[in-house]
Structures are given as structure tokens and as C-alpha cells.
Amino acid sequence: MICAERRQAGTGGRWQCPAARSSSCAGGKGQRVGLAANFFRIEERSSMKQLLVALLDKAIRASVDTGELTLATPPPIEIELTKDPLHGDYASNVAMILAAQAKKNPRDIARIVSARIDDPRRILEKVEIAGPGFMNFFIREGCWASLLEQVERQGQRYGAADVGAGRRIQVEFVSANPTGPLHIGHARGAVVGDVMANILAAVGYRVFREYYINDAGNQMNNLGKSVFLRYRELLGEQVEFPEGCYRGEYIKDLAAELVDRDGKSHLQGDPEEVSRRFTEYAGDAILAGIKEDLRQFGVVFDLYFSERELYREDGVGRLLGELQEKGFIYREGDALWFRTTAFGDDKDRVVVRQNGDPTYFAADIAYHKNKFQRGFESVIDIWGADHHGYIPRMSAAVQALGYGKEALQVILVQLVNLLRGGKPAAMSTRSGEFVTLREVVDEVGKDAARYNFLMRRSDSHLDFDLDVAKQQSNENPVYYVQYAHARICSIVRMAADRGCSAPAYGQAELGLLRLPAEIDLIKTITRFPEVVEGAARSLEPHRLTFYLNDLAGLFHSYYNKNKVISDDAALTGARLFLVTSVRTVLKNALTMLGVSAPDKM
RNA sequence: GCGCCUGUAGCUCAGCUGGAUAGAGCAACGGACUUCUAAUCCGUGGGUCGAGAGUUCGAAUCCCUCCAGGCGCACCA
């Protein structure tokens, strides 16, 4: 990977719920009260899973009340979708969990509890006890479709939740030094961060995206020096490039701009001073380029935070004073050390060098303190995996400042193996042979690039093959999903040509949706909010792409075997309702990924 | 040497925080377009979940020990 900088990361679309469904696909909504509403209604926002948990919870309490069960503490109730239809639709292991504390055989417990289930709305066809004590729930056929009401009602909000309860959270990502353009390694971090932010916003956090500009250190000086050397070279001088200088083409470009603008005037000045000015010029220009590249990649930050801010009014110095008062700082030799071992780090860390300069770490502590002072309850940093060793000291710092250990979470992003036609494509910032983010986006497109970066867990290596990513073929998963969306739009258009449109929920005879493939689609649609929440909780944005792939696969399969539009008006209406629900979920999920959902392909 | 991550089908990877017979894509083979988009679908084959021990009703998942690979172990950022 690249990185002299410590961080990598993200992209940004925002999770906004655009309001109206696109008109070409929208179904009409009549005002009549539906004839077909022969389904019980489910409370807003409750999934089948939540309903079953509630039923089980009540049943267990009832069993305790009647003395059939003795429990000290109420158990955590877990319900999961079954893999095998023989096991019903959902299953719970709660009887087995309870066995030890209730001192009863799990199957007996399951029997007791299931006898106490009160199901006024008749969701359940039956409950079976199986294996060592599983309770298998079979859902009554007509109940499934009622879950789709929420998709209609919530529209672009479907999938969102409120576990964040408006708490403020900051996601810091990319944070590359402005010493060169972003390359493919940064791109992965950019997408992970951006999508993570979208997901957190979807589950109710107030999310703030931030890029930390490392513009105070030696790297920046080297940048200025490098440009200055190229500048002199362009003006005819023979120059040697010392170790540590940047050699990319973009350095020459910047030098050339300066020659064009100022001629040879800089040759006269004090070299130190000129170097400083060159640093500023180059840093600004490169940062502007970075921002533009990110914008085109769909990543927009709320704030670019400059490291230099931290030194203003001696911010870093005051921070060190604070830590000293708390007793975490000691002097050894001429350096100041921070006792990070007090919080589990392997060794203490230097915060002020012998020469009196604060370390990068010192500034980073100040930065994180600054974050919390701005009112973020928790902070997520996205770093390149090669910086994992930095976590214990940063965590120690946060704790020393008086914040909880959980207040800082770090997502590590592994390196990207860039390939072209199966063979490695080199990249190295120093040598200048790297593939930039911009080149990748230009070559494969924003959608394919973003989607591909989320096809692995972020902490596992990712092979990114440029040739594959730009192929419009079945090897390219992003098209698979987008194609499903486009197909549905096409169906809706076709239906409209024939004078029909998706009915409103109350008017659709959703009871006609009885095929196993239809039930599967509904179940999968219902799972979406859980997937989003799981991705938020575990900080694993890749779950969305896997989910999308599942949903698109079910749809394609269904599509190939069944006609949505037929002579049967009621059935056509029901199926249109179903597929437009699928479309809503595809669109919402793709939007969270910052990937477009085309109407035709 | 110490620490973190990874090891699942020929390849690339999932596996919902401990559940029932471990999944998908690609690759291989065989099928489906006068039909709402074939960028699609259907079918077949493919596994000592790196190894070993342990925890329990139950382990790819948790504990321990090994093996292999990656990355860290700065008064760099």
C-alpha cells in the first residue's frame, strides 16, 4: 500500500431519503379502501422477527407466572431465519439457553413455552419442537405480504432505524497527506468510510465526515523541497534528488506551473523561504486535487481538518500540560514520554522529542481530544491495516483524556492488490508509478469502483482487477444488482404501456403471492432493516453488498420463471407490488453504497 | 522474539457474534432467448472449515498449543 500517512479511507454519499419514487416506475395510488386487505396489520416498523420475539417473550413470562418455569433472569431471545424449510420459517433456541437455569430438559421447556404462546392475530400456522429443543415457527401463508406495507409506507426510508437516537458520531477517513494524488489504496478506505457513515446515518446517528490533513510535518517540507528541485531542473540546473523526495510526474507539473507563473524569480530568494512557499503552493494545489477526485468519487466531507489548527494558540502544548497534570507524562533524557502502558500499550510513547518538537502522536492526541470537545460521543477512525500497531496507544490516549474505551473505534482497511488482466499493477508513491484514484474512476466508473471495494470484509486483502471491473459482464457483480433494478423498471414501464400500474398496498391482493420464490423475496425484503442494523453494529459495510447480491439473485430467478404481467389483473397487481418493493430495497441499498440505480441498462 | 490480522470447494470469498445436512460467485460440464431486458436463469460435480487438544446438548465461530502467510514492533508520519 502506500502510506507514509497513517490513514486511508472513504467515500461519501449521504443517506438521504429522496422522497418520491421516480415517476416512471411509480404505481398509482387509488383512494379506494382495499378489498383485498384481508390481512392483519402489523405495527409500523416491526419485522416478523420482532413480532415473534414479542410473542415468545410473553409466553415465557406467562410460563413463569403460572409456575411452570422457574427463572432468575429473563433470557435474551434470539430468533433466526431457518435455512431448511422443514424447520419452518423462523427458529428459536431459547429453550436450550434456558435449560440450565430452569433445570429442565430443553424440549420440555419448549413444550411449556409454546403452549403459552398467545397469538391473537394468528401469525402462526404452527410451532414445532425439533431436535435438541429448537422451536420452529411456521408462519401462516397470508401473513407474509402484510410486511410489505412498511416498504410502501417508508419508501426511501425503508431500511432505516433509530438505534442511534440522534447521537453524534464522527467518522474520520482518508486523511492522506497532501503530498500527492490519492491512489487506489486510499480509494478503498474512502468507500469504506463513506458507506459506513451512510449506514450509521441510516440507523439514526448524526454523522459527521472528516478528513485530517497531515500538513504540519516533514513530509510537507519534502514536498516543497521536491518541487523546488524540479523547478531548478526545469530552469536548466543539474539536480540530485535526495532520499525522501517525491518523484512523481505531478511534482514536475507543479514546478512547471510555477515556472510559467513566476519565471525564474524564485532562484534569487532565500532557499528556505522559497521552499516554504513552494510547500504551501504544492500542498494547496494537491489538496484541491484530492478534494475534486473525492467529489467525483462521490465522497464529500463535512470538514477537512488541518493539523496546523492544533498548534494554534499552543493547543498541543496545552494538551500536554493537561496530561502532565493527570500524571501521565514523564521526562526521560530530554524527551517527554506518555505513559500509555497505564492503559495496556506495550511500551510508553514519546510525545516530545529531544529536540523539542512534538511527535505526530502528540498532535493526534490533541486532534482526538478536539473531536470529543466538539461533542461527538463516539469517533470512528478508518486506517490502513498496516497501522494497526497504533491502536493501543491511541486508545490509551483517549482513555487518559477521560473518555471511555469504546469512544474510539478503529476500522482497519487492508491493502488493495491492483491487477490488470490478472497480473499485478505496481504502485508506489515515491517512484511515481501508481494508479491514482482518478485513473481508476475514469477507467471503470464510480459505481463499479465503489461496489468492488465493498465486496470483501475491509480487513481482508482485496484483489481489484481493472479489466474485470470495467467489463460489462457477469463477472462484475455491480451490474448484476443494477440490472435487477433496471429490469424492474422495465417491467413497470411495460405494465404502464398496457394500462396497469402497481396498486397501493390496500388495493393489492397480496394474498395471491404464494409461490415459494415470492415468500423468499418477501422474507429477504423484511431482512433488509436487520442487515443495515447489523452492518452498523459490527461496523461492516460489506454486509450490504452481500445482501444486495442475495436479493438481486432471488429476483432474477423469480423473473426467469414467472411473469409479472399477465391477463390476471389481480395477480399482476400483486406481483407489481412485490417487484416494486424489491426495487425500493435495491435502490435504498445502492444509495447507501453510493452506487447508482439505473432505470435502464 | 513480542503483538495484531488472515487460513473455509480448483480460484476469489461469505457464514447474521455458539445452532440443525457449511454457502455464493468464478472456473468445468449440460441445458433455456418468436415471451415483462440472456448484463439473466436452470441443472451436475466439487469440502479432514490449516493441524491438534479443550469448553457443551451443539464449534468454521469461543479457550489453549502448534503450522503457514501478511502487517506491525521510531524521539516517521
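Atoms considered below: every heavy atom in the structure, side chains included; atoms not considered: hydrogens, waters and symmetry mates.
- Using a 4.0 Å cut-off, some side-chain N or O of A/Y480 falls inside it from OP1 or OP2 of B/C41.
- In this view, A/K347 and A/R349 satisfy the side-chain contact (heavy atoms from CB on, under 4.5 Å) rule, not counting sequence neighbours.
- Of the P atoms belonging to B/C4 and B/U65, the separation is 11 Å, rounded to the nearest Å.
- The base of B/A14 lies outside donor-acceptor range of the side chain of A/D550, with no N or O pair under 3.5 Å.
- For the residue pair A/L81 and A/K523, the shortest heavy atom distance occurs at CD2-CD, 3.9 Å.
- The separation between A/D84 atom CG and B/G19 atom P is 16 Å, rounded to whole Å.
- Among the atoms of the strands shown, base atoms are found under 4.0 Å from some heavy atom of A/A91.
- With sequence neighbours excluded, no residue forms a ring pair (Phe, Tyr, Trp, His ring centres under 6.0 Å) with A/Y311.
- In RNA chain B, runs of at least 3 consecutive Watson-Crick or G-U pairs, each pair with both distances below 3.5 Å, span B:1-7 with B:67-73, B:10-13 with B:23-26, B:28-32 with B:40-44, B:50-52 with B:64-66.
- Heavy atoms of A/H87 sit under 4.0 angstrom from at least one base atom.
- Partners of A/D568 according to the side-chain contact (heavy atoms from CB on, under 4.5 Å) rule, which considers only residues two or more places apart in sequence or in another chain, are A/S566, A/A570, A/L571.
- Take A/Y304 and apply the ring pair (Phe, Tyr, Trp, His ring centres under 6.0 Å) test, not counting sequence neighbours, and it matches A/Y211, A/F301.
- Partners of A/F305 by ring pair (Phe, Tyr, Trp, His ring centres under 6.0 Å), not counting sequence neighbours, listed by chain and number: A/Y367.
- Open room surrounds CG on A/D567; 12 or fewer heavy atoms of other groups in view lie less than 6.0 Å from it.
- In this structure, a donor-acceptor pair under 3.5 Å is present between the side chains of A/Y330 and A/D348.
- A stacking contact links A/F134 to B/A20: the aromatic ring centre lies within less than 5.5 Å of the base's six-membered ring centre, and the planes differ by less than 30°.
- Here A/R457 lies in heavy-atom contact (under 4.0 Å) with sugar-phosphate atoms only.
- In this structure A/A484 satisfies the side-chain contact (heavy atoms from CB on, under 4.5 Å) test together with A/A552, A/F555, A/H556, A/L586, sequence neighbours excluded.
- Heavy atoms of A/F361 sit nowhere under 4.0 angstrom from any nucleic acid atom.
- Rounded to a whole angstrom, the distance from the C1' atom of B/C33 to that of B/C41 is 11 Å.
- Of the two residues near RNA chain B, A/D459 and A/I491, the one whose nearest nucleotide lies more 5' is A/D459.
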Got a list of protein N/O to nucleotides 55-61 of chain B N/O distances below 3.5 Å?
none

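- At whole-Å resolution of the value, CZ in A/R487 and C1' in B/C36 are 9 Å apart.
- In terms of modelled atom types and a separation under 3.5 Å, the side chain of A/S114 and the main chain of A/V127 share no donor-acceptor contact.
- Within the nucleic acid shown, A/F546 comes within 4.0 Å of sugar-phosphate atoms alone, with no base atom in reach, counting heavy atoms only.
- Nucleic acid contact for A/A495: none, since no nucleic acid atom lies under 4.0 Å from a heavy atom of the residue.
- Residues satisfying the side-chain contact (heavy atoms from CB on, under 4.5 Å) criterion with A/Q101, sequence neighbours excluded, are A/L71, A/A72, A/T73.
- Its glycosidic angle being within 90° of 0, B/C33 falls on the syn side.
- Atom C1' of nucleotide B/G19 and atom CD of A/E78 are separated by 10 Å, given to the nearest angstrom.
- In this structure, A/Y558 does not reach the B/U40 phosphate: none of its side-chain N or O atoms is under 4.0 Å from OP1 or OP2.
- For the ring pair (Phe, Tyr, Trp, His ring centres under 6.0 Å) test, residues two or more places apart in sequence or in another chain that qualify with A/F464 are A/F453.
- Comparing B/U61 with B/G7, their C1' atoms are spaced 14 Å from each other, to the whole Å.
- Straight-line distance between the P atoms of B/U34 and B/A38: roughly 11 Å, to the nearest whole Å.
- Separating the CD atom of A/E540 from the C1' atom of B/C13 is a distance of 14 Å, rounded to the nearest angstrom.
- Taking only side-chain atoms of A/K561, from C-beta outward, the nucleotide of B/A38, B/C42, B/A39 with the closest atom is B/C42.
- What separates CG of A/N560 from C1' of B/G43 is a distance of 14 Å, to the nearest Å.
- Taking the C1' atoms as reference points, B/C49 lies 27 Å from B/C29, given to the whole Å.
- OP1 and OP2 of B/A39 both lie 4.0 Å or more from every side-chain N or O belonging to A/Y479.
- Comparing B/A51 with B/C62, their P atoms sit 16 Å apart, to the nearest whole Å.
- Among the protein residues, A/S538 comes within range of the nucleic acid bases, having at least one heavy atom under 4.0 Å from a base atom.
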Show each protein N/O and nucleotides 69-75 of chain B N/O combination with a separation under 3.5 Å, one pair to a line.
unit_1 : atom_1 : unit_2 : atom_2 : d
B/C71  : O2     : A/H388 : NE2    : 2.8
B/C75  : O2     : A/Q354 : N      : 2.6
B/C75  : N3     : A/Q354 : NE2    : 3.0
B/C75  : N4     : A/Q354 : NE2    : 2.9

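- The separation of B/U48 from B/C5, taken at their P atoms, amounts to 27 Å, rounded to a whole angstrom.
- Separation of atoms CG (A/D89) and CD1 (A/I139) is listed at 5.5 Å; rounding is to 0.5 Å.
- Atom-to-atom, CG of A/L81 to P of B/G23 comes out at 15 Å; the value is rounded to the nearest Å.
- Listed pair A/S460 / B/A14 meets the phosphate criterion, a side-chain N or O lying under 4.0 Å from OP1 or OP2.
- With C1' as the reference atom, B/A24 and B/C16 are 15 Å apart, rounded to whole Å.
- B/U55 shows a glycosidic angle more than 90° from 0 and is accordingly assigned anti.
- Sequence order on RNA chain B of the closest nucleotides to A/M494 and A/A130 puts A/A130 first from the 5' end.
- Counting only residues at least two apart or on different chains, the salt bridge (Lys or Arg N to Asp or Glu O under 4.0 Å) pairs with a member in residues 535-556 of chain A are A/R527-A/D550, A/E540-A/R543.
- Note: CG (A/L462) to C1' (B/U6) measures 14 Å, nearest angstrom.
- Within 4.0 Å (heavy atoms only), A/N136 reaches at least one base atom of the nucleic acid.
- Defined by atom type and a distance below 3.5 Å, a donor-acceptor pair is missing between the side-chain atoms of A/Q219 and A/N214.
- Across the protein-nucleic acid pair, A/M601 atom CE and B/A38 atom P stand 13 Å apart, rounded to whole Å.
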